[in-house]
**Q** 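First the structure, which I've put down as structure tokens, then a few questions once you've had a look.
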Amino acid sequence: MTANLTPQTSASRRFTLMVSGEDAIESGLDQNAPPSGLPQERFLLGDRLPIAPVLLLGQSDLVVNPNETIACLQPVHFHATRDHLILMAQSQIDLTANESTKLLEVALPFIEEDFRNKVLFQGQRDWFIPAGPFASLATHSIDQAHGRNIDWWMPRDTSELGIAKLWRKLQNEIQMLWHIDPVNEERAQRGLPSINSLWIGGIGKLADIQVPEFLGNVSHIYGDHPLLTGLAKYLEVPQQNEIDFSKLQNTFAWIDRPERIWDDLRKTLLNNELEEIEIIDFPKGQTRHRIFTAKDLNKKSWVFWKKSELLTWKEIISA
């Protein structure tokens, strides 16, 4: 096994698998501010994290101005606990396209007045608008902030003071509008959480993307994360949700539950269909590259006369 190896761009018979990681909260505590982005977000897009324009590119057929700073607005549910509010993941709230449309209709005049721009595109979960006066806000994606106390993850001022306060004012106005909206009355009758707030995140422009060099050379991207759709379009690389195991050479994947495909990947190495599998993960928030060949798959043992066992996914990812 070769650990912490810088990836090469010429490995045509390599399959690269990225595994989601968590942020290093300890570094944020030292700085009295949350860490900026999840490690996989920073790895794919660079430190400026232009998530909103990449999502817009993936969800629409719009021609996105690479120099326009765009924000992503997302209807969300804040769950009240005894002493704080927790942001729920969008996958937990079952927001329909019809509900999204109705909620935006109510909030639209307030949004466009404060942003001083028109909404560019409305998806089921994501609305996109030029960031305007909110361009300097430091924000966090729902992927990073969900399940956590929102106090620490709310937008913060950076180069211009008072912008976060302006956002909170707009957010409060929308919360009051939606509190009495028929959409939430109907959701309550169906036992669903109310849509009781609006989240802003991903502020940036396409020109800020800093893609890993090797990713521009892959022949295919696999995975269903919304970022991958836009990133593949930006790179002009084919993308699909499910992995095609007959087309693994020189491809990249970011999928949920990678342990489910490890046995199949291991077979491709053992059968010499691939020369290498690169695994990119993020222990303690730090990027780690490891390249595995067929000989690296065997457990090390001093009992040399016995056939060695193959490494399990759990053993590989926890090493």
**Q** Between Asp157 and Ala164, is there a donor-acceptor pair closer than 3.5 Å when you use the side chain of the first and the backbone of the second?
**A** yes

**Q** Please tell me if the side chains of Leu103 and Asp181 come closer than 4.5 Å, counting only heavy atoms from C-beta onward.
**A** yes

**Q** Is there a side-chain contact between Gln249 and Ser219 in this structure, where contact means two heavy atoms from C-beta onward sitting under 4.5 Å apart?
**A** no

**Q** Is it true that the side chains of Asp281 and His289 contain a donor and an acceptor less than 3.5 Å apart?
**A** no

**Q** How are the rings of Trp167 and Phe115 set relative to one another: parallel (under 30°), tilted (30 to 60°) or perpendicular (over 60°)?
**A** perpendicular

**Q** Kindly indicate whether the side chain of Trp254, heavy atoms from C-beta on, has any atom under 4.5 Å from the side chain of Leu17.
**A** no

**Q** According to a hydrophobic-cluster definition based on side-chain heavy atoms being under 4.5 Å apart (Ile, Leu, Val, Met, Phe, Trp, Tyr only), do Leu55 and Leu49 belong together?
**A** no

**Q** Check whether any side-chain heavy atom of Pro75 lies under 4.5 Å from a side-chain heavy atom of Trp127, and answer yes or no.
**A** yes

**Q** At what distance, to the nearest 0.5 angstrom, does CG of Leu198 lie from CG of Asn172?
**A** 11.5 Å

**Q** For Trp178, is there any backbone N or O sitting under 3.5 Å from a side-chain donor or acceptor partner on Asn184?
**A** yes

**Q** Using atom types as modelled and distance alone, determine if a side-chain donor or acceptor of Gln122 lies under 3.5 Å from a backbone N or O of Leu104.
**A** no

**Q** Would you please classify the geometry between the Phe43 ring and the Phe214 ring as parallel, tilted or perpendicular, with 30° and 60° separating the classes?
**A** tilted

**Q** Find out whether Tyr234 and Val54 are in side-chain contact, i.e. whether some heavy atom of one side chain is under 4.5 Å from a heavy atom of the other.
**A** no

**Q** Does Ile111 share a hydrophobic cluster with Met154, counting links as ILVMFWY side-chain heavy atoms below 4.5 Å and allowing steps through other members?
**A** no

**Q** Is the backbone of Trp313 close enough, under 3.5 Å, to the side chain of Arg266 for a donor and an acceptor to pair up by distance?
**A** no

**Q** Using 4.0 Å as the upper bound for N to carboxylate O, is an ion pair formed by Glu68 and Lys205?
**A** no

**Q** I'd like to know if Leu248 and Val19 are part of one continuous hydrophobic network [Ile/Leu/Val/Met/Phe/Trp/Tyr, side-chain heavy atoms within less than 4.5 Å].
**A** yes

**Q** Is there a donor-acceptor pair under 3.5 Å between the side chain of Asn271 and the backbone N or O of Glu273?
**A** no

**Q** For Glu278, which of Arg13, Arg14, Arg288, Arg290 qualifies under salt bridge (Lys or Arg N to Asp or Glu O under 4.0 Å)?
**A** Arg14

**Q** Looking only at side-chain N and O atoms, does Ser246 offer a donor or acceptor that is under 3.5 Å from a partner on Asp244?
**A** yes

**Q** Report, as yes or no, whether the 6.0 Å neighbourhood of atom CZ on Arg156 holds more than 12 heavy atoms from other residues, nucleotides or ligands.
**A** yes

**Q** Do Phe121 and Val119 share a hydrophobic cluster, counting only Ile, Leu, Val, Met, Phe, Trp and Tyr and linking them when any side-chain heavy atoms are less than 4.5 Å apart?
**A** no

**Q** With a cut-off of 6.0 Å (strictly less than), are more than 12 heavy atoms of other residues, nucleotides or ligands near NE2 of His84?
**A** yes

**Q** Holding to salt bridge (charged side-chain N to carboxylate O under 4.0 Å, His left out), I want the full list of residues that pass it with Glu99, two or more places apart in sequence or in another chain.
**A** Arg187, Arg190

**Q** In the structure I gave you, are the side-chain heavy atoms of Asp126 and Gln90 within less than 4.5 Å of one another anywhere?
**A** yes

**Q** Would you say the side-chain atoms of Gln239 and His220 include a donor-acceptor pair closer than 3.5 Å?
**A** no

**Q** For Ile129 and Leu120, run side chain to side chain contact (heavy atoms under 4.5 Å, CB included): C-alpha distance rounded to whole Å, both residues' side-chain angles, the deciding distance at 0.1 Å, then the answer.
**A** CA-CA 5 Å; Ile129 190 168; Leu120 295 170; 5.6 Å; no

**Q** Kindly say whether Pro35 contributes a backbone atom to a donor-acceptor pair with the side chain of Gln144 at under 3.5 angstrom?
**A** yes

**Q** Kindly check if the number of other-residue, nucleotide or ligand heavy atoms within 6.0 Å of CZ (Phe78) is above 12?
**A** yes

**Q** Give a yes or no on whether Glu236 atom CD has more than 12 heavy-atom contacts from other residues, nucleotides or ligands under 6.0 Å away.
**A** no

**Q** Using 0.5 Å steps for rounding, measure from the CG atom of Asp208 to the CD atom of Gln210.
**A** 8.0 Å

**Q** Please name the residue in the list Ile195, Val76, Leu192 that meets the side-chain contact (heavy atoms from CB on, under 4.5 Å) test with Leu95.
**A** Ile195

**Q** Specify the closest pair of heavy atoms between Ser136 and Ser159, including all atoms of both residues, with the distance to one decimal.
**A** CB-OG, 3.6 Å

**Q** Indicate yes or no for a side-chain donor-acceptor contact from Arg42 to the backbone of Gly37 under 3.5 Å, with no hydrogens or angles considered.
**A** yes

**Q** Please confirm whether the backbone N or O of Gly285 pairs with a side-chain atom of Asp23, one donor and one acceptor, at under 3.5 Å?
**A** no

**Q** Counting N and O atoms only, with roles assigned by atom type, does the side chain of Thr229 sit under 3.5 Å from a partner on the main chain of Gly58, one being a donor and the other an acceptor?
**A** no

**Q** Could you go through Val211 and Leu231, starting from their C-alpha distance and side-chain angles, then the distance that decides it, and tell me whether this counts as side chain to side chain contact (heavy atoms under 4.5 Å, CB included)?
**A** CA-CA 9 Å; Val211 179; Leu231 193 58; 3.9 Å; yes

**Q** Is a side-chain donor or acceptor of Thr268 paired with a backbone partner of Leu265 at a separation under 3.5 angstrom?
**A** yes

**Q** Would you kindly say whether Ser100 and Gln124 are connected by a side-chain donor-acceptor distance under 3.5 Å?
**A** no

**Q** Could you walk me through whether Leu270 and Leu310 pass side chain to side chain contact (heavy atoms under 4.5 Å, CB included), step by step?
**A** CA-CA 11 Å; Leu270 296 174; Leu310 295 175; 4.0 Å; yes

**Q** Less than 6.0 Å separating the ring centroids of Tyr222 and Phe252?
**A** no

**Q** What I want to check is whether the side chains of Thr293 and Asp296 have a donor and an acceptor closer together than 3.5 Å.
**A** yes

**Q** Any link between Leu56 and Leu108 through a network of hydrophobic side chains (Ile, Leu, Val, Met, Phe, Trp, Tyr) touching at under 4.5 Å?
**A** no

**Q** Testing the basics here: between Gly123 and Gln59, what is the closest heavy-atom pair and its distance to 0.1 Å?
**A** CA-OE1, 4.0 Å

**Q** To the nearest 0.5 Å, how far apart are CG in Asp114 and NZ in Lys169?
**A** 5.5 Å

**Q** Measuring from Ile243:CD1 to Phe245:CZ, what's the distance to the nearest 0.5 Å?
**A** 5.0 Å

**Q** Over all heavy atoms of both residues, which pair between Gly201 and Thr139 is shortest? Give the atoms and the distance, please.
**A** CA-OG1, 3.4 Å

**Q** Roughly how far, to the nearest 0.5 Å, is CD1 of Ile261 from CD1 of Ile255?
**A** 3.5 Å

**Q** For Thr69 versus Ala135, what's the shortest heavy-atom pair and its separation?
**A** CG2-CB, 3.9 Å

**Q** So does Glu22 have more than 12 non-hydrogen atoms from other groups sitting under 6.0 Å from CD?
**A** no

**Q** Work out which heavy atom in Pro155 is nearest to a heavy atom in Ile200; give both atom names and the distance.
**A** CG-CG2, 3.6 Å

**Q** Determine whether more than 12 heavy atoms belonging to other residues, nucleotides or ligands lie under 6.0 Å from atom CD of Glu259.
**A** yes

**Q** State, with a plain yes or no, whether a side-chain heavy atom of Pro34 is found less than 4.5 Å away from one of His140.
**A** yes

**Q** Check whether any side-chain heavy atom of Ile142 lies under 4.5 Å from a side-chain heavy atom of Met88, and answer yes or no.
**A** no

**Q** Let's go through Leu137 and Ile203 carefully: what are the C-alpha distance in whole Å and the side-chain angles of both, what is the deciding distance for side chain to side chain contact (heavy atoms under 4.5 Å, CB included) to 0.1 Å, and is it a yes or a no?
**A** CA-CA 8 Å; Leu137 276 182; Ile203 297 173; 4.0 Å; yes

**Q** More than 12 heavy atoms of other residues, nucleotides or ligands under 6.0 Å from CG of Asp256: yes or no?
**A** no

**Q** Atom CG in Asp224, atom CD in Glu242: separation rounded to 0.5 Å?
**A** 7.0 Å

**Q** Ignoring hydrogens, what is the shortest heavy-atom contact between Ser141 and Ile51? Give both atom names and the distance.
**A** CB-CD1, 4.1 Å

